[in-house]
Amino acid sequence: MAAVAANVAAAAEDRESQRENVPGLESQRRQIENGESGRERPLRAGESWFLVEQHWYKQWEVYVQGGDQDSGTFPGCINNADLFEDQVNWRLKKGLVEGEDYVLLPAAAWHYLVDWYGLEHGQPPIERKVVELPSVQKVEVYPVELLLVRHSDMDTPHIAQFSHTDSVDLVLRTAREQFLVSPQEETRLWIKNAEGSFERLCNTRVTLLDAALKTGQVVIMETRNKDGTWPSAQPQAVNTALEEDEEFQGQPGICGLTNLGNTCFMNSALQCLSNVPQLTEYFLKNHYLEELNFCNPLGMKGEIAEAYADLVKQAWSGHHRSIVPHVFKTKVGHFASQFLGYQQHDSQELLSFLLDGLHEDLNRVKKKEYVELCDAAGRPDQEVAQEAWQNHKRRNDSVIVDTFHGLFKSTLVCPDCGNVSVTFDPFCYLSVPLPVSHKRVMEVFFVSMDPRRKPEQHRLVVPKKGKISDLCVALAKHTGMSPERMMVADVFSHRFYKIYQLEESLSSILDRDDIFIYEVSGRSAIGENSREDVVLPIYLRERTPARDYNNSYYGLMLFGHPLLVSVPRDRLSWDALYHILLYRLSRYVTRPSSDDEDDGDEKDMEDKDSMPKPGHVAGGSSQDSGPEQAGPSSGVAGGSRAPVDNSPGPSHWPQRARRKHLFTLQTVNSNGTSDRSTFNEDTHGVSFSSQPYIAIDWEPEMKKRYYDEVEAEGYVKHDCVGYVLKKAPVRLQECIELFTTVETLEKENPWYCPTCKQHQLATKKLDLWMLPETLIIHLKRFSYTKFSREKLDTLVEFPIRDLDFSEFVIKPQNESAPELYKYDLIAVSNHYGGLRDGHYTTFACNKDSGQWHYFDDNSVSPVTENQIESKAAYVLFYQRQDVARRLQPQPGLAEPPASPACGPPPNSEFMDVN
């Protein structure tokens, strides 16, 4: 009993000493209720408030209002037990209401009460944050409770509480701490939606409120595999293949890309970009994660940057021989519809899109300000250039700008008033023209009037912008024939696709066209009534049984090469025409013997004339169909390019004599089908209302007996066909000089002169002011005009090392640092083949080993330096020498890599890519 009494006395003594340090009751009430520290003060976002159980607080109010510190109403220690569901996890009960179950106190008031009255032993303080919601601030009594799980163990959740105003990045850091993830490992978060689907939490800088995360939601943390892939990106079926890949250990960066179907252009661009050292290090070291711009309206919500980062990490993991860029291809097609599907595209076009997309996705400028472009207005170049670059950086600041952007000086001069406009513009790559030859090689067939001579194939050198007359003049030098006795025609599908006039442009003739040049009499022409002779286009046709169930009529099929034949304009009989044509065909058509004629006459005269009148085909129907009715082949647009002539043709051709002939003659239209509207027949003969086309119609049996197809198709090659117009190689420096040459603007792109107040065809000159760390040079091999498209296969000689730009940069130079203007080659995108059936590959220098490799889709082979330069080189990547030295590891930290253009290791197997 004595001991109990002693304890009570000691407690009373402690309480007495504690009360000595406690302010008076009225002072307590004022500090807790009012003032800057009191509960009546306004809420401020981000500060902490504390929950106090309502009954305890009411008891405290009664106590202080009574004014007697010795009163029995003393509340004792703060006890919040009634607010908790249990006393293990100390989780708040659901549905607590302010004013009924608890009161809220600011931090200062809470600490006063704890100092004065203490907190029940073992109970945690219930601290809550003030959050700023749309249009209101409130104390977040119930924070967001998330279930954190690992992708590899979805059945073991960890419960964690977060404020609505906490960032998603805090959730990620909490998950990494909970699951003991090492700092070197890369992780990302997914959320599981109510319907069971999963969604990436891409932007970790937003709050939980903005990310719409709610209590009870499952958040999955995924860790990147050692081979650079994500577990969620791989279907279960390839798990074993992944395990095998993880066991494979190769040189990082030596990794092929699978061709998904005409995607070699994409693979080539990706391999080039992947071998730009500073850009690849930027992604491998995860610097991009801090700079992803998810709110840029010009960007792609960070998706292109993340997809490219995934490719780089896989390619440089050293665990893959090749990878399938399917996800990247899908992302590119989603944001650039021109790359949807599996058509062939240009590697430089994809590279341009990719650099722009990466720049906007990684732009450090979150809100672009308006910047007004200023003209030099007579100010010094240094001042104007610095202003232009600063303005560019105010809106564009990314690793792409740091690595690839340089500055042009653009000078425009008005031809009228002489006003000079100078601006400085940023660039991402140089598109340099190739010196273009003004000559063109064309292959033609010359058909002489002499029937004994076979057609001759000629290879002619003509002006690129020349006329048809230039083609005739070039042929005249080979044949000695006057150009005035030549007619030029495009032959397609056994008919004349077009007969050209002398003044027409050669640009309308494509390299694939079959061009025939016919000798005609010097006094004949199509469309000139004054000439004594007329040129008749002659077609060859064969009768064939029509595809009809009863074979009741015949069709007609064109064959062989058509002819242009000069005949007298007037008073020409059909019989005379027959013999003229028989003479022209005499090299490959045998004349029948007298016995053959007799046999044929007996059979032929039974039911018809030996030579039917034009427009009445023997054995035919008035509505001929079948092959004869088929117009030009699908490549010809409705005969719109058929020869046009307004001459009346032979006005009176007498009737033919009745005797045996090998073939019959038929007037036809330009397509070679019957056309009865072109002639009228009366007792005086036949008169034509338009240019007559004549068809020579053969019976199958007669053609077989008298027509020698092998001889008819024969031709000889002129000596000139063996000549090859050699294209001299050009130096890369010549292309750059051409790029900086003064040019006059085209009519379609005039410049508005502010002095003249009108559009002018000004002269323009581009100069290089500032060059980037990595310089991309695009060789403009593809030429497009109104009539033609061609690829220039000129060999451009480019240096592997020490490409010196000091003579091209007009900015005052730092003579003490020549490496600022010297570049070494690090990658080449190649294009083999033509415009329609080309293939892209890559040469690239590995940043770690310094060894060159040849990337051909999923195939990778080491190569030597002398294999890199070829006619296929299309896009060149050069790295400035000072950057290469800066990127080299410090001595003692690691073995320094070989120089970017070093030779092959000994005893390597090299692939011949030429």
Side-chain angles (χ1 to χ4, degrees), residues 438-449 455-456 458-479 481-539 561-569 631-632 635-650 668-672 675 678 688-694 785-788:
H438 297 293
K439 297 292 184 180
R440 175 184 177 186
V441 177
M442 297 183 66
E443 289 191 357
V444 301
F445 289 92
F446 173 63
V447 181
S448 170
M449 288 179 65
E456 288 180 346
H458 290 256
R459 183 170 287 167
L460 308 176
V461 180
V462 293
K464 247 184 186 176
K465 297 183 178 180
K467 298 179 180 179
I468 296 295
S469 57
D470 295 313
L471 191 63
C472 296
V473 169
L475 181 62
K477 295 177 182 177
H478 292 187
T479 62
M481 188 71 59
S482 169
E484 295 180 356
R485 299 188 60 183
M486 298 179 188
M487 294 191 69
V488 182
D490 181 352
V491 175
F492 179 75
S493 191
H494 312 294
R495 54 172 64 84
F496 290 115
Y497 189 63
K498 180 171 183 177
I499 297 178
Y500 292 95
Q501 303 297 321
L502 291 176
E503 294 305 308
E504 290 189 70
S505 172
L506 286 175
S507 60
S508 61
I509 297 179
L510 305 181
D511 288 339
R512 65 176 181 269
D513 292 342
D514 290 325
I515 302 301
F516 284 71
I517 300 182
Y518 296 88
E519 179 191 1
V520 294
S521 65
R523 54 184 188 173
S524 62
I526 288 182
E528 295 188 26
N529 297 333
S530 61
R531 299 295 182 99
E532 297 180 17
D533 291 352
V534 64
V535 175
L536 292 180
I538 307 295
Y539 292 155
H561 297 297
L563 295 171
L564 289 177
V565 179
S566 302
V567 298
R569 178 173 293 277
V636 185
S640 60
R641 292 180 59 188
V644 177
D645 181 66
N646 296 320
S647 62
V668 293
N669 59 21
S670 60
N671 292 330
D675 187 355
T678 59
F688 290 86
S689 58
S690 64
Q691 166 64 44
Y693 283 70
I694 305 297
T785 65
K786 184 177 180 181
F787 295 104
S788 65

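We're numbering straight along the sequence, starting at 1. Values in this document were obtained by computation on a predicted structure and should not be read as measured data.
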Q. About how many Å separate CE of M486 and CD1 of I468, when rounded to the nearest 0.5 Å?
A. 12.5 Å
Q: Mind jotting down which residue pairs meet the salt bridge (Lys or Arg N to Asp or Glu O under 4.0 Å) criterion with at least one end in residues 463-473? Sequence neighbours excluded, please.
A: K464-E790, K467-E503
(Q) Working to the nearest 0.5 angstrom, can you tell me the gap between E456 CD and H478 NE2? (A) 10.5 Å
Q: Determine whether I515 and D490 make a side-chain contact, defined as any pair of heavy atoms from C-beta on separated by less than 4.5 Å.
A: yes
(Q) Applying ring-ring contact (aromatic ring centres under 6.0 Å, His included), can you list everything that pairs with F446, at least two apart in sequence or on another chain? (A) none
Q | Residues that P483 engages under side-chain contact (heavy atoms from CB on, under 4.5 Å), provided they are two or more places apart | A | C472, V473, A476
**Q.** Results of side chain to side chain donor-acceptor pair (under 3.5 Å) for D511 - residues two or more places apart only
**A.** R440
**Q.** side-chain contact (heavy atoms from CB on, under 4.5 Å) between V447 and L564, worked out
**A.** CA-CA 9 Å; V447 181; L564 289 177; over 6 Å; no
Q.
Is there a side-chain contact between H458 and T479 in this structure, where contact means two heavy atoms from C-beta onward sitting under 4.5 Å apart?
A. yes
Q. Looking at CD1 of I517 and CG of L460, how far apart are the two atoms once the value is rounded to the nearest 0.5 Å?
A. 6.5 Å
**Q.** Smallest separation among heavy atoms of F496 and Y539, with atom names
**A.** N-OH, 3.1 Å
Q: Could you tell me which non-hydrogen atom of E443 sits nearest to which non-hydrogen atom of R459, and how far apart they are?
A: OE2-NH2, 2.5 Å
Q) Can you find a heavy atom in the side chain of P537 that is under 4.5 Å from one in the side chain of Y518? A) no
Q. Looking at S566 and V520, what are the two nearest heavy atoms and their distance?
A. OG-CB, 3.4 Å
Q | Side chain R485, main chain E519, donor-acceptor under 3.5 Å | A | no
Q) When rounded to the nearest 0.5 angstrom, what distance separates CE in M449 from CE in M481? A) 9.0 Å
Q | From CD1 (I509) to NZ (K498), nearest 0.5 Å | A | 8.5 Å
(Q) Run the side-chain contact (heavy atoms from CB on, under 4.5 Å) test against F445 and tell me which residues pass, sequence neighbours left out. (A) Q457, F516, Y715
(Q) The criterion is side chain to side chain donor-acceptor pair (under 3.5 Å); which residues satisfy it with S482, sequence neighbours excluded? (A) none
(Q) Give me the atom names and distance for the closest heavy-atom approach of S505 to S508. (A) O-OG, 2.9 Å
Q.
Return the CD1 to CD1 distance between I538 and I694, rounded to the nearest 0.5 Å.
A. 5.5 Å
Q: Name all residues meeting the side chain to side chain donor-acceptor pair (under 3.5 Å) criterion together with H494; count only those two or more places apart in sequence or in a different chain, and write none if there are none.
A: none
